[in-house]
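Remember, it's 1-based here, ligands and their atoms both numbered in the order they're listed.
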Amino acid sequence: MNVFILTDLEGIPYVDDIECMDRGTDKYLDACRYLTDALNLAIKTCFENGADNVYYLDGHGGGGNVNPDDIDPRSKKCSIAEWQNLLQNGMVDCQIELGSHARAGTLYGFLDHTLTSKEWFSHKVNTIEMSELSLHALLCSQYSVPIIACIGDETACKQAKEYIPNIYTGAVKKAEKRNVSQTYKNCEDIIVDTVKKALENYNGVSLFNTHFPASIELTFYRTDMCDEVYEKAQKNVERVNARTLRKTIEKLSFYEDLKF
Ligand SMILES: [Zn+2]
């Protein structure tokens with residue numbers, strides 16, 4: 001069994017304050033340590049529960065949040081290109097999302113956003129509002145790889161089930177408002193338990209598919225943000241309105257196909 005772990009920072013235990021996102025601050029360095037601990041715990045749990053290979057992608061903000069030397073040496077670090085290669089070559093059996101957050105525009109989601117909290121207001125595929133998890137799941141599903149577990153805040157976990165009803169979820173904290181969360185005392189047990197249960201039944205978790213051709217619609221916060229992307233966009237991109245772009249894709253092979 002080959003397991004891929006895709007990490008984000010917002011849904012990691014003890015990362016409970018928006019200031020943790022500011023690179024170069026002490027709070028950010030603390031957050032990176034919490035991510036390192038959570039990732040090592042998840043990797044260890046994978047190997048204890050039947051994994052032959054564990055790959056990971058340090059997904060938050062383009063990576064660089066964990067030092068590979070501090071991560072369990074049995075695992076292998078991957079870039080986005082390497083992740084896609086593994087998927088395309090049938091080298092991944094299932095994926096775990098560690099550190100998930102809710103999609104843009106969600107109440108009670110810690111640091112809710114979709115890919116960029118500064119520019120993307122809404123991202124839809126075939127009129128369904130996407131989260132980062134669902135975008136990953138769409139790509140993985142093209143290669144018959146299920147996303148079997150979501151570990152993050154309560155709202156991220158609830159939302160994961162909207163896309164994949166039988167996904168295993170482990171809520172490690174909750175947010176009363178966007179920029180602050182409270183981590184649960186038993187968060188480590190929750191990670192272990194969720195990973196263990198998901199791996200025991202990884203074959204039974206549904207894929208998240210859509211129909212093709214698929215309509216991709218991206219709305220920006222401001223018109224000038226849309227201007228900038230539209231100017232560089234390919235011919236098949238349509239300007240729906242001041243803030244929204246749309247395109248149709250015949251198939252989904254790369255994560256970039258979902259962007260503009
Ligand atoms: Zn992130």
Starting from the Zn ion (ligand 1), look over the N/O/S atoms of His60 and name the nearest one.
ND1
Taking just the N, O or S atoms of Glu10, which one is nearest to the Zn ion (ligand 1)?
OE1
Does Asp58 use its side chain to pair, donor to acceptor, with the backbone of Val66 at less than 3.5 Å?
yes
Assign the ring pair Tyr255 / His136 to parallel, tilted or perpendicular, where the plane angle (0 to 90°) is split at 30° and 60°.
tilted
Distance-minimising heavy-atom pair for Ile18 and Arg178
CD1-NH1, 4.0 Å
Which atom, among the N/O/S set of Asp8, is closest to the Zn ion (ligand 1)?
OD1
Counting distance only, does the side-chain N/O of Gln142 pair as donor-acceptor with the main-chain N or O of Leu138 below 3.5 Å?
yes
